[in-house]
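Written out below as structure tokens is the structure these notes cover.
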Amino acid sequence: MSSLLIRGGTLIHQNGESITDIYIQNGVVSLGAKEQTADREIHAEGMLIVPALIDCHVHFREPGLTHKATMLSESKAARAGGVTTVCEMPNTNPPTFTVEALTDKVRRAEQVQDCDIRFFMGATQPEHLQELRSVWTGTSEEMKHLKKRCCGLKLFLENSTGNLKIEPETVHEAFKMCSEIGCSITAHCEDPLANATAAAATTSNDVSAHDIMRPAESEAISIEYAVTLVRNFGTRFHVAHLSTALGADYVRQAKAEGLPVTCEVTPHHLYLHTGHYKELGTLVKMNPPIRSDADSAALWKAIADGTVDCIATDHAPHLLEEKRQHPPLSAPSGVPGVETMLPLLLTSAAKGIISYGDIIRLCFTNPNAIYRLGKQDITEGSSPDILIIDPSEKWIVRASELHSACGWTPFEGFAAQGRSKYVLKASEDFQLPPENPSQVV
Ligand code: DOR
Ligand code: ZN
């Protein structure tokens with residue numbers, strides 16, 4: 001075990017910041033100015049020191065969709081974007097409906113260094129809920145191990161990539177059982193009937209019809225329905241990728257009522273709106289769709305007033321050739337985002353739109369608490385993953401320099417201010433990964 005001294009950096013806490021030397025010996029942090037020498041030093045004057053981020057909503061495509069991406073490729077992208085923990089969604093092939101499928105994913109993830117990958121289980125039918133119950137309540141060492149790697153149940157209340165929409169009769173049962181066993185539910189909230197009605201009334205074939213066919217009211221109806229189940233059963237409930245002003249209002253009301261409801265927003269719903277269809281076409285086709293600029297503004301407001309708990313990317317790599325499919329409305333939905341979340345947010349912080357402390361609250365503290373991930377913050381005696389950021393570096397986002405296997409980004413050409421410089425993992429004894437020269441100052 002080697003020792004490391006990070007000198008003169010600004011440690012960001014949820015509620016402020018302080019310039020602090022960080023000394024790490026035998027994998028354990030001590031804080032404050034001491035006359036230490038170490039095997040290695042990082043001169044971090046002017047840099048921000050934060051716990052490496054958590055992205056609690058990603059699709060890494062393995063197994064079954066590895067022509068799009070793999071756990072290995074997307075974990076590299078995550079780490080390059082300052083993220084070392086992710087919660088991965090069940091819409092793989094096979095879907096993560098069974099103990100067997102979860103076991104397979106956990107085994108695969110154990111081969112991956114760059115990222116700690118946790119997995120949601122999914123369900124469309126009652127028997128899938130029984131598989132989750134085994135994981136959540138099982139007393140064998142095998143089940144306890146699986147439970148540690150599982151972040152809860154993910155439900156698709158409407159179809160999206162993979163067509164995992166839960167049967168309506170099973171939704172009640174899911175909320176009831178999850179309340180009983182103490183497991184949280186995270187849901188993709190869109191209402192199938194509202195979408196079907198809107199789609200039937202749409203004649204356009206243009207990609208811009210996507211958000212007309214999956215309208216804002218659909219999200220609101222679905223959240224309202226889920227909240228009635230939370231009210232009945234007391235289940236801990238998290239709204240995935242909240243995209244509308246109306247939806248944010250429902251979450252705000254549920255919180256005011258004291259219900260155990262939380263939510264996340266994506267960078268694409270914050271930074272993109274329907275005006276971007278013209279320039280970006282199917283590259284900005286995703287579910288839920290991008291919305292009006294008024295909706296984006298409402299999401300920023302919901303961040304500011306504490307309605308939004310997390311920012312998570314819904315990182316959903318598809319190949320460019322798939323995205324360019326015709327007709328445009330048949331192109332798959334989803335955008336990559338795990339590597340661009342941090343630069344986007346740092347750029348907003350540099351403009352005074354959000355604080356660095358808020359970024360840590362939204363992308364580390366809250367997801368860590370909501371999903372009980374057990375990740376460590378940078379405190380005396382801890383062994384956290386550490387992210388060192390240069391907040392002043394100006395650079396242009398280029399897909400050719402990003403790491404996702406999909407090879408494109410909707411944020412091509414974005415003028416960023418702020419960049420990850422080092423991502424140090426406790427599990428690697430805080431060594432720099434030699435294969436990532438962009439992280440060497
Ligand atoms: O746009 C999306 N893409 N929304 C989803 O719900 C799924 C995701 C994917 O897996 O491609
Ligand atoms: Zn998703």
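Counting convention: from 1, in listed order, for ligands and their atoms alike. For reference, positions follow the sequence shown, starting with 1. In what follows, every heavy atom counts, from backbone to side chain, and hydrogens, waters and symmetry copies are set aside. If you're wondering where the values come from, they're calculated on a predicted model, not measured in any experiment.
Taking the six-membered ring for Trp and the full ring otherwise, H238 and Y371 have centroids separated by under 6.0 Å. Ring centroids of W300 and Y271 are separated by less than 6.0 Å, placing the two rings close together. In this structure, H59 has its ring center at least 6.0 angstrom away from the ring center of H315.
Using cut-offs of 30° and 60° on the angle between ring planes, the pair H241 and H57 is tilted.
Atoms of the protein (N, O or S only) found under 2.8 Å from the Zn ion (ligand 2) are H57 NE2, H59 NE2, D314 OD1.
Protein neighbours of ligand 1 below 4.0 Å, counting non-hydrogen atoms: H59, R61, N91, F156, S160, T161, H188, M286, N287, D314, A316, H318, S333, G334.
Side chain of H318 to backbone of C406: no donor-acceptor contact under 3.5 angstrom is found. Between the T235 side chain and the F175 main chain, a donor and an acceptor come within less than 3.5 Å of each other. For the pair E62 (side chain) and A69 (backbone), a donor-acceptor distance under 3.5 Å is absent. Judged by distance alone, the side chain of D390 and the main-chain N or O of M47 form no donor-acceptor pair under 3.5 Å.
There is a side-chain donor-acceptor pair under 3.5 Å between K105 and T92.
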